[in-house]
Amino acid sequence: MNIPRFIVLSAFLALSSVQTAPAAGLTFIDVPQDNHGPSLESAVWYPCAGNPTQVDIGFDHSTAVKDCPLMGQKLPLIVISHGVGGWYGNFHTLAEQMADAGFVVAAINHPRDGGRSRTRDPGDIASMTQRPQDMTRLLDFILTSWSDGSRIDATRIGFFGFSRGGFTGLGMIGGNPDWKKLLDNCPVYPGNRFCAQIRAGDIPPLTADPRIIAAVIADPAGGNLFTPESLGRVTVPVQIWGSEYGGDGLSPADAASVARYLASKPEYRLVPKSGHFSFLPPCSAEFAKLVADSGDTELCSDAEGFDRVAFHKQFNADVLAFFRKYLM
């Protein structure tokens, strides 16, 4: 290929309308319940032309054009997995930027540990082991049942995940944790059944999805559970981000150990002065108030000297550049 596809697509979008500009379209879909799990709420961002407005996405707003016609053919797809207590809108600014650049981006609310879920049970180890299956169900639906699924190139699919979403991504690209390592310091809190379930030994392996050909993993929860052997099947390019200070039960060493154990050397970025939640986008005034009212102020605060706005400008650009390199 002489000219990268994203350049061709950008030119097409620029010429397609005089009165409208390239923008992120946004629509909402539900993946129906099946024998693998309950229904999944999903948001999908994609290239379109129009005038963006604020679209309600639950806990926040996305700057997008709701339900506008998708533009382009053979588009690459990125799927996003949130952390515990998160929701499909956590990384809407990244999704908007990638949609502007010619990607289709789909994110779900994980039913077992999502912030909007009515069936939350984060203390059951199934809340971790079933996450890759959630994402595979999303992929299946987008590619075969979504109205615009035929306009996606099924050979160019990437993954982005943060925290437990990063753990999800490691499973989707072939990694499997050594759960017994958790027994050395098994977390004990009301409702947590991980220790008993691990000792019982009846834990299914994570489900890999060979359609994922590139992955970005940000501060993965449970990164310390992976070993060189359990990551031995991973062959796709990976970009890994780690926080300097960690937090929320995550050690700064977790991302570093994953990067060290991957057989194929990943792009590894340690972010100075960052905490675990620094990877969440800057909080809007509305979301910051919601967080303050809940008492969980760590979501919107950072260590002294860390500029979350400036960091996310670079973070989004670097993630986009990685996916362009391997998917366009």
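Side chains included, hydrogens not; waters and symmetry mates left out as well; all remaining heavy atoms used. Numbers here simply count residues along the sequence, with the first being 1.
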- Message: Using the rule given for ring pair (Phe, Tyr, Trp, His ring centres under 6.0 Å), can you reason through W146 versus F141, listing the C-alpha separation, both sets of side-chain angles and the distance that settles it, and then say yes or no?
- Response: CA-CA 6 Å; W146 184 43; F141 184 84; 8.7 Å; no

- Task: Check for a donor-acceptor pair, side chain of D134 on one end and backbone N or O of R137 on the other, with a separation under 3.5 Å.
- Result: no

- Query: Are T27 and D67 close enough that a side-chain donor and a side-chain acceptor fall under 3.5 Å?
  - Reply: yes

- Side-chain donor-acceptor pair present, D60, S284, cut-off under 3.5 Å: yes

- Task: Compare every heavy atom of G174 with every heavy atom of V234, then report the nearest pair and how far apart it is.
- Result: CG2-C, 4.0 Å

- Message: Any heavy-atom pair between the side chains of F159 and M135 that's under 4.5 Å?
- Response: yes

- Query: Do Q197 and D124 come within less than 4.5 Å of each other through their side chains, counting heavy atoms only?
  - Reply: yes

- Indicate, with yes or no, if the rings of F59 and W87 have centres closer together than 6.0 Å. yes

- Smallest separation among heavy atoms of P111 and L40, with atom names: CD-CD2, 3.5 Å

- Are D302 and S274 side-chain neighbours, meaning at least one heavy-atom pair lies under 4.5 Å? no

- Item | Single-linkage hydrophobic cluster, 4.5 Å side-chain cutoff, I29 and I108 together | yes

- Task: Please tell me if the side chains of F323 and V216 come closer than 4.5 Å, counting only heavy atoms from C-beta onward.
- Result: yes

- Task: Just do the side chain to side chain contact (heavy atoms under 4.5 Å, CB included) check on H82 and F162 with the steps written out, would you?
- Result: CA-CA 6 Å; H82 63 71; F162 162 69; over 6 Å; no

- Task: Taking all non-hydrogen atoms of both residues into account, name the closest pair between L270 and S243 and its distance.
- Result: CD1-O, 3.6 Å

- On the 0 to 90° scale, with breaks at 30° and 60°, tag the F28-Y88 ring pair as parallel, tilted or perpendicular. tilted

- Message: For the residue pair D178 / S230, report whether a side-chain donor-acceptor contact shorter than 3.5 Å exists.
- Response: no

- Message: Check D140 with R211, please: is the shortest side-chain N to carboxylate O separation under 4.0 Å?
- Response: yes

- Task: Determine yes or no for a side-chain-to-main-chain donor-acceptor pair under 3.5 angstrom, with D30 supplying the side chain and P32 the backbone.
- Result: no

- Message: So, taking the atom named CZ in F194 and the one named CD1 in I125, what distance separates them when rounded to the nearest 0.5 Å?
- Response: 5.5 Å

- How long is the gap from CZ on F287 to SG on C300, to the nearest 0.5 Å? 5.5 Å

- Task: Taking the side chain as every heavy atom from C-beta outward, state whether F277 and S301 have any pair of such atoms under 4.5 Å apart.
- Result: no

- Task: Taking the six-membered ring for Trp and the full ring for Phe, Tyr or His, determine whether the centres of F279 and F311 are under 6.0 Å apart.
- Result: yes

- Task: Answer with yes or no whether the hydrophobic clustering places L170 together with L182; edges join I, L, V, M, F, W, Y residues whose side-chain heavy atoms lie under 4.5 Å apart.
- Result: yes

- Message: Pairing donors with acceptors under 3.5 angstrom, does anything connect the side chains of D219 and S163?
- Response: no

- Message: Taking the basic N atoms (NZ, or NE/NH1/NH2) and the acidic carboxylate oxygens, is any pair closer than 4.0 Å for D113 and R131?
- Response: yes

- Look at the side-chain heavy atoms of Ile, Leu, Val, Met, Phe, Trp and Tyr, link any pair under 4.5 Å apart, and say whether W241 and M98 land in one connected group. yes

- Considering only heavy atoms from C-beta outward, does the side chain of L138 approach that of S42 to under 4.5 Å? yes

- Query: With no hydrogens and no angle check, do the side chains of Q54 and T63 hold a donor and an acceptor under 3.5 Å apart?
  - Reply: no

- Item | Within 6.0 Å of CD in E298, more than 12 heavy atoms from elsewhere | no

- At their closest point, which heavy atom of G242 faces which heavy atom of Y268, and how far apart are they? N-CE1, 4.3 Å

- Message: With a 4.5 Å cut-off on side-chain heavy atoms, are F91 and L280 touching?
- Response: yes

- Donor-acceptor contact below 3.5 Å, side chain Y46 vs main chain C68: yes

- Would the number of heavy atoms belonging to other residues, nucleotides or ligands and lying under 6.0 Å from CZ of R233 be above 12? no

- Message: Could you report the tightest heavy-atom contact between A24 and C48, atom names first, then the distance?
- Response: C-SG, 4.0 Å

- Return yes if a side-chain donor-acceptor contact under 3.5 Å exists between S81 and H110, otherwise no. yes

- Message: Between the side chains of R151 and D148, is the shortest nitrogen-to-carboxylate-oxygen separation below 4.0 Å, so that they form an ion pair?
- Response: yes

- side chain to side chain contact (heavy atoms under 4.5 Å, CB included) assessment of V79 paired with L139: CA-CA 8 Å; V79 290; L139 272 176; 3.9 Å; yes

- Item | L327 CG to I157 CD1 distance, which is reported to the nearest 0.5 Å | 9.0 Å

- Do L231 and I240 belong together in a cluster built from hydrophobic side chains that touch within less than 4.5 Å? yes

- Query: Under 3.5 Å, is there a donor-acceptor pair between the D318 and Q314 side chains?
  - Reply: yes

- Message: For the NE2 atom of H92 and the CD1 atom of I57, what is their distance to the nearest 0.5 Å?
- Response: 4.5 Å

- Item | Min side-chain heavy-atom separation L94-H312 under 4.5 Å | no

- Message: side chain to side chain contact (heavy atoms under 4.5 Å, CB included) for Q97 and L320? Distances and angles first, verdict last.
- Response: CA-CA 8 Å; Q97 189 165 333; L320 175 58; 4.0 Å; yes

- Decide if the gap between the ring center of F167 and the ring center of W179 is smaller than 6.0 angstrom. yes

- Does a donor on one side chain sit under 3.5 Å from an acceptor on the other, for H276 and D248? no

- Note on the structure: Heavy-atom nearest pair, F226 first then P177, reads CE2-N, 3.6 Å

- Query: Is a donor on one side and an acceptor on the other found under 3.5 Å between the side chain of S251 and the backbone of A253?
  - Reply: yes

- For side chain to side chain contact (heavy atoms under 4.5 Å, CB included), just list the numbers for L70 and L75, CA-CA rounded to whole Å, side-chain angles, deciding distance to a tenth of an Å, and then say yes or no. CA-CA 10 Å; L70 182 148; L75 301 174; 3.7 Å; yes

- Query: What distance separates F315 CZ from R308 CZ, expressed to the nearest 0.5 Å?
  - Reply: 11.5 Å

- Between CG of L225 and NZ of K180, what distance do you get to the nearest 0.5 Å? 13.5 Å

- Task: May I ask whether V44 and I212 are part of the same hydrophobic cluster, defined by side-chain heavy atoms of I, L, V, M, F, W, Y residues being less than 4.5 angstrom apart, directly or through others?
- Result: yes

- Query: Hey, is NZ on K181 packed in by over 12 heavy atoms from elsewhere, all under 6.0 Å?
  - Reply: yes

